[in-house]
Amino acid sequence: MSYNYYALHTHMLAGGVKIVVENLIRSFDHQESSKKPKLHVIEPGDQGKYFPPRKINHITSKKVGVFDTQFSSRREFLDASDALAKNLEKQMDLSKLCVLHAHNANLFFNPALARGIKILAERFPKNLLVLMQVHDFAEDNRPDRLEFLKSFTGKRDLKLSRSVGFPTLGNIVYLTINSRDEYILKKAGMSAEKVFYFPNSIHIKQFEQKPIKNNYLLERIENYAKDEGYTFDKTRKILLYPVRVIKRKNIAEAILLLNIMNYIKDEYQLLITLDSDIAVEDDYATLIKKYVKENKLPVTIGLGLKLISSNGKRKKDTTGKINQHTLADLLYHTHCIISTSVIEGFGFVFLEGWLSGKQIVGRKLDFVMRAFEKEGMNFPGFYKRLMVGGRDFSKHDLEKQLTLLGEVDFASLIKRKNIKKLAKLIANPNLELIKNNKIVVEEKYSLKEYNLRLNQIIKDGKKLMKKENNPDLSFSTKYIVRRFKQKNK
C-alpha cells in the first residue's frame, strides 16, 4: 500500500504526545521497505527537531503552532483557517493517497488548524485520509480548554465549535488511546465504523539501555536540589513520579503516599521529574513547590528538564562530562514508581516501569487500566479511592489537601487494606509480578504491534473513503459535556 504519511501536532514539547509521534515514526522501521510510506512531520519548528534519525521531511510553520488568542470575529477565524489550509495544501503531496495523522485537534490549541484540516478533507475526498487522534477531551476537567473551545471567535458559537473540533466527513476517522474514549465517541453518535481503539506503544529498546550505575547522577540531583531549595539525600530510597506538576496529576496525593511510607519507615524521598510548563497551571505548581520547601519535605521537583535527556541519548559538556543522563540511568536509582493521577489519556506510567524491573503502585484508573488487565497485566498495589477528611483525597481542592497533609492520622491510615497492600509492595517489590507485566508490555505494546495496528486502520479507512463524503450530523458534543459533568460532580 503506497501512501504519504504526515504526523501533525501544535507543539513538540517534551511530554506524552511528543513521545507518541516519535514512536509512530519509529514504528515504520518494522514495515517492509517496499511498503514504507514517505514520512513527514508538520510542526511549528520552534522546539527543535527532536525526532529519531530517520528519513523524515520536516514541514515547519509557526501557523500550525499553539494559538490561544480569541479571534475578533467569526470572519477573521474563517479567513485564517482558509489561508492555513491553502498553505498546508501547497506543502503536501496529495497526488496519491495521503494520510494526515492529526493529534489533539479537538482541544483547540489552534482552532484555525482544526478547521484547516477539515477544509483539506473536503477538498480531497478521494486522496486524503485524516486520522483524528483523541488523546484527551476539553470537557474532561479541563475548564480552560473548554471555555476557549466555546468562544474562540469572540462569542459563543457551539455549532461552529462542534463542526471544527469533531468534523465527521467520510474520509475522517477517529483514533482513541483508551476504551473509555472510544465508548464516549460512539455514544455521542459518531459512526462506530469511524472510531478505532489505537493504544499507544512503548519504545522498548529505550529501557534495554545499560544504565550508568555509579552515583554521579545522584550527586547531580543533590546539587540541583540544593540550588533550587529542595531537600534531597542520595542515601534515601527514591519514589519516582515521572510527570509534570499539574492539577490532574494530583501531586499532593503523591506527597501523602511519601508521608505514609516515611511514617512506617523514614527512608524514602519523592522525585517529580518535570515542573509545569502551562501558564494556567502555574498557581498550582507554585503552591506545591512552596509547601514542599517550607516544610523541608524530601521532595525534588523539575530535575528532568535539566538532567535527563529527552531523546534517550546521554549528552556531554565541553569537558566530556555527562550533563544529561538517560531515563535508564534514573530508573536504575529508582526504588519504586508511583502514580496518583486522576486523568490519563493512555497512561505510559502504568507500563514503562515494568520494563526496567520496577514496581509500580498508586491510584487506579479503571478506564485506562482495564485494557491492560485484559491483556494479562495485574495491578495489586493500586487503590480506587483514598478517603481522607471525609471524602476521596483527590476530590479536595489543593488548599484543603495541603492542610490535610498536616492533620492525617497515619496510625489509622496504615491499617487500611489498600494502604497495607501498597506499602508492602513499595517496601518489598513483587519480582514475579514485575516479570509477568514486563512480558505483556513487550508482546502487546511494541512498536511492531503499533505499526500493524496503524496500517490496518489505514486500510479500513480507505474502504470508508469510498462512501459518500457527507457530514455525519448525528454526532453531538452535548453528550460528551453531559457525561463529564456527571463524572466530575
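For F379, the ring-ring contact (aromatic ring centres under 6.0 Å, His included) criterion is met by F382, not counting sequence neighbours. Residues satisfying the salt bridge (charged side-chain N to carboxylate O under 4.0 Å, His left out) criterion with K424, sequence neighbours excluded, are absent altogether. Legend: residues meeting ring-ring contact (aromatic ring centres under 6.0 Å, His included) with F207, ordered by chain and number and at least two apart, are absent. Partners of K384 under the salt bridge (charged side-chain N to carboxylate O under 4.0 Å, His left out) rule, at least two apart in sequence or in another chain, are D366. With sequence neighbours excluded, the residues satisfying ring-ring contact (aromatic ring centres under 6.0 Å, His included) with H101 are Y5, H103. S309 pairs by the side chain to side chain contact (heavy atoms under 4.5 Å, CB included) definition with N311, K315, Q324, not counting sequence neighbours. Evaluation of the salt bridge (charged side-chain N to carboxylate O under 4.0 Å, His left out) rule for K358 yields no partner, not counting sequence neighbours. The salt bridge (charged side-chain N to carboxylate O under 4.0 Å, His left out) search around K226 returns none, not counting sequence neighbours.
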Under 3.5 Å, sequence neighbours excluded: what are the donor-acceptor pairs made by side chains of residues 293-307?
| unit_1 | atom_1 | unit_2 | atom_2 | d |
| --- | --- | --- | --- | --- |
| K293 | NZ | E228 | O | 2.8 |
| N295 | ND2 | Y291 | O | 2.8 |

Donor-acceptor contacts, no H, no angles, side chain residues 403-410, under 3.5 Å, sequence neighbours left out:
| unit_1 | atom_1 | unit_2 | atom_2 | d |
| --- | --- | --- | --- | --- |
| T403 | OG1 | E399 | O | 3.0 |
| D409 | OD1 | A411 | N | 3.4 |
| D409 | OD1 | S412 | N | 3.3 |

Contacts under 3.5 angstrom, residues 340-347 side chains, donor-acceptor by atom type, not counting sequence neighbours:
| unit_1 | atom_1 | unit_2 | atom_2 | d |
| --- | --- | --- | --- | --- |
| T340 | OG1 | K249 | O | 3.3 |
| T340 | OG1 | N250 | O | 2.9 |
| S341 | OG | R248 | O | 3.3 |
| S341 | OG | I343 | N | 3.3 |
| S341 | OG | I343 | O | 2.8 |
| S341 | OG | E344 | OE2 | 2.9 |
| E344 | OE1 | K249 | NZ | 3.3 |
| E344 | OE2 | K249 | NZ | 2.5 |

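The closest side-chain heavy-atom distance from K118 to S163 is below 4.5 Å. Side chains of C336 and Y268 form no contact here, defined as non-hydrogen atoms less than 4.5 Å apart.
Centroid-to-centroid, the aromatic rings of Y450 and H30 stay 6.0 Å apart or farther. The ring of F152 has its center closer than 6.0 angstrom to the ring center of F77. No close placement of the Y183 and F367 rings is indicated, their centers lying 6.0 Å or farther apart.
For the salt bridge (charged side-chain N to carboxylate O under 4.0 Å, His left out) condition, the pairs that include at least one residue of residues 436-448, sequence neighbours left out, are E375-K444.
At a cut-off of 3.5 Å, with distance as the only test, a side-chain donor of R26 or N23 sits close to an acceptor on the other residue.
Nearest approach of L386 to L413, heavy atoms of both residues: CD1-CD1, 4.4 Å. When all heavy atoms of V66 and H11 are compared, the pair lying nearest together is CG2-CD2, 4.2 Å.
For CZ of R385, the number of neighbouring non-hydrogen atoms (other residues, nucleotides, ligands) closer than 6.0 Å is 12 at most.
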